[in-house]
Amino acid sequence: MLDKNWRPAEVEARQYARWEAEGDFAAGDAAGADSFCIVIPPPNVTGSLHMGHALNNTLQDVLIRNERMRGRNVLWQPGTDHAGIATQMVVERMLEEEGSGRRELGREKFLERVWQWKEESGGTITGQLRRLGASCDWSRERFTMDEGLSRAVLKVFVALYEQGLIYKDERLVNWDPKLHTAISDLEVQQREVKGHLWHFKYPVEGIENKYITVATTRPETMLGDTAVAVHPGDERYRDLVGKHAILPLVGRRLPIVADEHADPEQGSGAVKITPAHDFNDFEVGRRHDLEVVNIFDATAHMNDNVPEPYRGLERFEARKRVLADLEAQGLIARIDDHVHMVPYGDRGGVPVEPWLTDQWFADAATLARPAIEAVEQGRTGFVPENWAKTYYEWMRNIQPWCISRQLWWGHQIPAWYGPDGTVFVKETEAEARTAAAGHYGKEVALTRDPDVLDTWFSSALWPFSTLGWPDETPELRRYYPTSVLVTGFDIIFFWVARMMMMGLHFMGEVPFHTVYIHALVRDARGQKMSKSKGNVIDPLDLVDKYGADALRFTLAALTMPGRDVRMDESRVEGYRNFGTKLWNAARFCEMNECLPVEGFDPKSAKDSKNRWIVGEVSACGQEIDRALGVYRFDEAANAIYAFTWNTFCDWYLEIAKSHLNSEDEVLIAETRATAGWVMNQILRLLHPFMPFITEELWELFGDGGRLINADWPHYEGLDDADAAAEAKSVIDFVSSARSVRSELNVPWTARIQPIVVGASPESRAVLEANARIISATARTTDFKFVEAGSAPPEGSIQFVYREATVALPVGDVIDIGKERTRLQKEVAKLDSEIEKCDRKLDNEQFLSKAPESVVDEIRDRRAELVARRDAVQAALDQIKEP
RNA sequence: GGGCGCGUAGCUCAGCGGGAGAGCACUACGUUGACAUCGUAGGGGUCGCUGGUUCAAUCCCAGCCGCGCCCACCA
C-alpha cells in the first residue's frame with residue numbers, strides 16, 4: 001500500500017542512484033537507431049547550481065528523457081569548464097584571506113592550488129545536477145582542461161596559426177587594470193555614469209591669444225594627446241588645419257589635422273586625439289601617422305611618459321590634478337554635466353582602459369563567414385527563430401577576437417620565443433625546439449609565452465572535443481553533428497557563435513542542427529536575480545522544500561518562447577501539489593485494484609466512459625508530441641497537467657467509482673484495466689518532466705523494467721467521437737446540477753429527483769444510460785421524465801439540459817428570490833448574445849462575404865441560444881407564478 | 001542611433017480575425033473511504049491609447065504612450 005503522502009526527499013536520491021548504477025544514462029548503442037545528442041553547456045567547475053542552470057538542465061533533460069524513451073541512441077554529454085578568470089579570482093581571494101597572493105606563490109605553486117581547489121569543489125555542481133535529476137552520461141564526463149581536451153586546444157591553435165587565422169598584433173585592447181589582463185569586447189559592460197564634459201582651451205602655436213577648444217569626459221587622458229582633429233568641411237577651423245596647438249601642462253606640439261572622425265555638431269567641433277587610449281583616436285592616429293603616447297601602466301597609474309608631477313598617480317587622482325592645474329591656468333572654458341557610458345570589466349568591476357599591448361588575435365571575420373552561411377542555409381536553425389537575427393547582426397560585424405589573457409589558470413599558449421623574439425608555434429616544446437634549431441642552426445634557449453587562452457576558446461571546441469577529437473572515435477562519428485544545443489541568449493556571442501565557427505572549420509559541419517534559446521530566470525516580480533538585490537532563489541532550496549520534480553515541472557511550464565521565466569515559489573508549491581494529486585490518484589487506483597492488466601487492449605473497451613478516457617489519453621499524448629516537437633515545453637507540461645488533474649482525477653475517477661460500485665463484474669474488470677492503463681500512460685507521458693515520482697509509481701503501474709527505458713506511447717485509432725460527446729454531455733449535466741444546488745445551498749446529503757421536461761429520445765437515452773454516474777456525482781435519485789409542455793413542480797429549481805428543462809424539486813431549501821435573480825441574469829446574458837448574432841445575420845455584407853461555414857455556425861449558435869433562453873425563461877415564469 | 005520583445009482578471013501569463021481564458025489570490029459551502037498539499041460553486045476584464053484595413057479586430061497594419069533587454073556611439 002502506498003504511503004499517504006508523496007515524500008520526494010526520500011525517493012529521489014534512491015531512484016537516481018539506481019538509474020546511475022544500472023547504467024540507464026549511458027550513451028545508447030542500439031544498432032540501427034538514430035542518434036540524439038546534446039552537449040551540456042559546461043558549468044564553471046568551481047560553481048554551484050543557480051536558477052539558470054536549473055532551467056537549462058531541466059529543459060535538456062526533458063528532451064533527453066523524451067528521446068531516450070523513443071528508442072534513440074541518446075547521449076547527453078556532461079562536463080565542466082575551467083572558467084579562467086572566474087576560477088582564478090576565487091582562488092586568489094582564498095589566498096588573500098590566508099595573507100598570501102598569487103605572485104608570492106609563483107605560477108607553478110599557484111596552479112597547484114587551483115587544481116587542488118578544482119579537486120575539492122569540482123564535484124559540487126555535478127552533484128547538484130544529479131539532484132535535479134539530470135540524466136547525463138556521467139561515465140563520459142569531461143573537463144575543458146582534461147588531457148584530451150587540452151590536446152584539442154593545442155591542435156586547433158597551431159592549425160589556425162599555420163593557416164594565418166591566429167596572429168599576434170599590437171593593438172588597443174580592453175585592459176582590466178584590476179585583473180591585469182586583456183579582455184574581449186564581450187567582457188566589457190557599458191554602464192551609465194553621471195559625469196562632466198570639460199571644455200579645454202589649447203593655445204594655437206604662433207597666434208597670440210588664439211585657442212582651440214576641445215571637450216572631454218576624461219581629462220587625465222589629455223596628457224597623452226598627440227593631435228587635435230577637426231572635420232575637413234568645417235569652415236570654422238579651415239585655416240587652422242596644418243597648424244599646431246600646444247598641449248597645456250605638457251608642452252607637446254599637437255598637429256591640427258582634418259579628419260572625418262571629428263563631428264562638427266559635437267562640442268566645439270574640435271576633438272583632442274589620444275591614440276594610445278581611445279579606439280577611435282587610435283584609428284585617427286593611424287590615418288595621420290600620429291605619435292602614440294601611452295600614459296598608463298598596467299594598473300592604470302601614470303607612467304613616465306607624463307610630466308613629473310603626475311607620475312605614479314592613479315588615473316582618477318591624475319584627473320583631479322590635471323583639472324586643478326588647468327583651472328589655475330585659466331584653460332577650462334566650460335564644464336557641463338554629462339551622462340555617458342563608461343566601459344567596465346564584467347569581472348573586475350572597474351572601468352577598463354583601452355591600452356596598447358601585444359596580444360594574440362583570431363581572425364573572427366574569416367571564421368564567421370561559413371558560420372553565417374550555415375544558418376542562412378538552415379543547416380543550423382534557431383528556436384525561437386528571431387535569435388538568428390541577433391546572431392547575424394553580431395557575426396556580420398565581428399571584430400578580431402582577442403584570445404590571449406594575462407592569467408595563469410587556463411590553456412597556456414603554445415608559442416615559444418627564441419633569443420631574438422622569433423616565435424615558434426607548436427603543439428609541444430620539443431617540436432618548438434626542433435623548429436628553433438632549424439631556424440637558428442643550433443639549439444637555443446626558448447621561453448614560452450606566459451599568456452593563457454580565453455576560456456571561450458576551449459569552450460568553442462566543446463561539441464567535438466568532448467567526443468574525442470582529434471581522435472577519430474566512434475562517438476564522434478555517431479554523435480557529431482549533435483542534435484540540439486540548449487542555452488541562454490546571453491551566451492549566443494560568447495559561445496554559440498564560436499562553436500559554429502570552430503565546428504565548421506575543423507569538422508566541416510555544423511556542431512548542432514538546432515539551437516534552442518531559452519530565457520533568463522527572474523524573480524517573481526520580474527527583477528533580475530542578483531546577490532546585491534538579495535532576491536536570489538537557490539534552486540536547491542526549492543528542491544529541498546518541494547522536490548526536484550516540482551521545480552522541474554515549474555521551470556518547464558513557465559518556459560515560453562520570448563518571455564523570461566518568473567520564478568514564483570507559489571508556482572513550485574502548486575506543482576508539488578500536482579505531484580501529490582497524482583500520488584493520491586495512484587493510491588486510489590491501488591486500493592481499487594485498478595492496475596495494468598497484461599494483454600489489455602484499450603481499443604477493446606466497451607463502456608463509453610472507458611472509451612472516452614482512452615480517447616482523452618490519446619489526445620493528450622498527441623498534444624505532448626506536437627508541443628515537444630516545436631519546443632513548447634509550457635504547452636506539453638500544461639497538457640499533461642490538465643489531463644491528469646482535470647480530466648482523469650476530477651471526472652474519470654469519479655465516474656470509475658460509480659462503475660466500481662456496480663454489480664456488473666465485466667464492467668468492473670474493464671474499468672480497473674482501463675484506469676490501470678491510463679495510469680501507466682500518464683507515467684510515461686509525465687516522466688520527462690517529473691522523472692522521480694513517475695519512476696517510483698512505475699513499480700506499481702509499470703509493465704516490467706524501469707520507466708526511464710520504457711517506450712514512448714503511440715496512439716492510433718483510440719478516439720471515439722460518440723463516447724466523447726456523450727461524456728461531455730454528462731459532464732455538462734452534472735456541472736449544471738451542482739451549480740444550481742450550490743447556488744441554493746442545497747446540502748450535499750440531500751438527494752433530489754431530477755424531473756426532466758421535454759427531453760428528446762436521444763437525450764433521454766443518454767441520461768438513462770448514465771443514471772448511476774449522474775446520481776453519484778450530482779447527488780440525484782432516479783430521473784422522472786415528463787412530456788414537453790408539462791409544468792415542472794412548484795418550488796423546484798431548474799436548469800437547461802440540451803433541449804430539455806431539468807427541474808430539481810428542493811422544497812424548503814429553495815430561495816425563490818435568489819433563484820429569480822439568477823435566472824433573470826441568465827436570460828439577459830443570453831439575450832445580449834442572441835442580439836450579437838442577429839446583428840451579424842442582419843448584415844448583408846456579412847451574409848454575402850463571410851464564408852458559409854461561419855454563417856452556418858452563427859445560425860446554429862443563435863438557434864441554440866434561443867432554445868436555451870426560452871427554456872430559462874420558462875423556468876423563470878414558473879417561479880414568478882406564486 | 002540600430003535591433004528585439006512586452007502592455008489581456010488583483011498577480012503571473014496563455015490565446016491572436018467570427019463565442020474573452022488558465023493558474024494563483026479572493027468569496028461561499030464542504031472533511032462524502034484517493035487527495036484539505038483537497039473538493040464543489042462563485043465574483044472579477046471598454047484585451048495600453050488613437051486611427052486604418054475588414055462584413056467582422058483583443059487578434060492584422062500604422063502612429064502614439066508606457067516598460068524591458070541587446071548592440072553601437074556619444075570628444
Side-chain angles (χ1 to χ4, degrees), chain A residues 2 4-6 185-186 190 197-200 214-218 221 228-229 261-263 265-274 278-281 338-341 384 386-387 389-390 393-394 397 489-490 492-493 519-520 522 524-526 528 546 550 557-558 560-564 566 568 570-571 573-592 594 634-635 638 641-642 646 649-650 653-654 657 735 738-743 745-749 776-777 779 833 836-837 839-840 843-851 853-855 857-858 861 865:
Chain A
L2 290 176
K4 186 161 181 190
N5 283 302
W6 155 239
D185 300 348
L186 289 174
Q190 303 290 335
L197 189 58
W198 286 274
H199 297 259
F200 298 156
V214 295
T216 183
T217 55
R218 302 203 50 199
T221 63
V228 172
H261 168 64
D263 179 355
E265 308 286 312
Q266 289 262 7
S268 62
V271 56
K272 66 194 257 321
I273 300 297
T274 322
D278 180 283
F279 289 97
N280 286 314
D281 291 2
H338 187 66
V339 176
H340 61 128
M341 302 299 265
N386 322 4
W387 291 109
K389 268 194 185 173
T390 306
E393 184 60 26
W394 190 68
N397 298 301
F489 60 80
D490 48 331
I492 290 180
F493 304 146
L520 232 56
R522 296 167 176 280
R525 292 202 321 250
K528 220 171 181 171
Y546 303 106
L558 292 178
M560 277 158 277
R563 228 187 240 267
D564 286 338
R566 295 198 182 195
D568 186 345
S570 71
R571 286 296 281 264
E573 188 183 348
Y575 290 123
R576 186 270 320 264
N577 295 353
F578 174 59
T580 306
K581 187 76 181 174
L582 176 68
W583 187 258
N584 279 295
R587 251 162 61 87
F588 172 84
C589 288
E590 184 192 25
M591 60 183 62
N592 287 287
C594 294
D634 57 325
E635 291 180 348
N638 289 336
Y641 177 93
N646 305 120
C649 292
D650 289 351
L653 288 184
E654 293 306 317
K657 283 176 190 171
S735 297
R738 281 171 172 173
S739 172
V740 291
R741 285 179 64 113
S742 166
E743 200 69 33
N745 294 326
V746 177
W748 170 255
T749 43
T777 51
R779 304 292 293 172
E833 296 214 1
K836 261 194 202 168
C837 295
R839 237 178 291 138
K840 281 187 180 164
N843 185 330
E844 278 174 34
Q845 278 170 309
F846 169 68
L847 293 175
S848 60
K849 297 200 178 175
S853 60
V854 170
V855 177
E857 211 174 282
I858 289 175
R861 179 169 156 66
L865 288 169

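Since we're looking at a predicted model, the values are computed, not measured. Below, chains carry the letters A, B, ... as their sequence lines are ordered, and counting in each starts from 1.
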Would you say that [X] contacts [Y] through its side chain, given a criterion of any heavy-atom pair below 4.5 Å between the two side chains?
X      : Y      : answer
A/F588 : A/L653 : yes
A/V214 : A/V271 : no
A/E833 : A/R861 : yes

What's [X] touching, base or sugar-phosphate or nothing? Going by heavy atoms closer than 4.0 Å.
X      : answer
A/C837 : nothing
A/S848 : nothing
A/A262 : base
A/R861 : base
A/I858 : sugar-phosphate
A/D263 : base
A/R587 : sugar-phosphate
A/T580 : base
A/L847 : nothing
A/K657 : base

Whole angstroms only, please: what is the [atom1]-[atom2] distance between [X] and [N]?
X      : N     : atom1 : atom2 : answer
A/E573 : B/G23 : CD    : C1'   : 13 Å
A/E635 : B/G15 : CD    : C1'   : 10 Å
A/F846 : B/G19 : CZ    : P     : 9 Å
A/N577 : B/A25 : CG    : P     : 9 Å
A/K849 : B/U53 : NZ    : P     : 12 Å
A/I492 : B/G3  : CD1   : P     : 18 Å
A/R779 : B/U40 : CZ    : C1'   : 13 Å
A/R839 : B/G18 : CZ    : P     : 17 Å

Does [N] have OP1 or OP2 under 4.0 Å away from a side-chain N or O of [X]?
X      : N     : result
A/K581 : B/G39 : yes
A/T390 : B/C71 : no
A/N386 : B/G5  : yes
A/R566 : B/C13 : yes

Under 3.5 Å side-chain donor-acceptor pair for A/K657 and A/T777: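 The criterion, which ignores hydrogens and geometry beyond distance, is not satisfied for A/T777 and A/K657.
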Using the [atom1] atom on both, measure [N] against [M] and round to a whole Å.
N     : M     : atom1 : result
B/U31 : B/A22 : C1'   : 27 Å
B/C59 : B/G52 : P     : 14 Å
B/U27 : B/G43 : P     : 15 Å

Taking for each residue the nucleotide of RNA chain B with the nearest heavy atom, is it A/L653 or A/W387 whose nucleotide lies nearer the 5' end?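 Counting from the 5' end, the first nearest nucleotide belongs to A/W387.
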Which one, [options], comes nearest to the side chain of [X]?
X      : options             : answer
A/N584 : B/G18, B/A41, B/C35 : B/C35
A/E743 : B/G42, B/U12, B/C35 : B/G42
A/K840 : B/A34, B/C4, B/G18  : B/G18
A/F493 : B/C35, B/C71, B/G19 : B/C71
A/R522 : B/G18, B/C35, B/G68 : B/G68
A/K836 : B/G19, B/G42, B/C73 : B/G19
A/M560 : B/C74, B/C13, B/A20 : B/C13
A/E654 : B/G18, B/G42, B/C35 : B/C35
A/N843 : B/U12, B/C55, B/C35 : B/C55

Between B/U40 and A/R738, counting only base atoms on the nucleotide and side-chain atoms on the residue, is there a donor-acceptor pair under 3.5 Å?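 It does not, because no donor-acceptor pair links the side chain of A/R738 to the base of B/U40 below 3.5 Å.
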SB check A/R587 A/E590 (cutoff 4.0 Å):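 Salt bridge absent between A/R587 and A/E590.
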For the residue pair A/Y641 and A/Y575, is the inter-centroid distance of their aromatic rings smaller than 6.0 Å?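 Ring centroids of A/Y641 and A/Y575 are less than 6.0 Å from each other.
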Sub-3.5 Å donor-acceptor pair from the side chain of A/S742 to the main-chain atoms of A/R738, do we have one?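 Not a single qualifying donor-acceptor pair exists.
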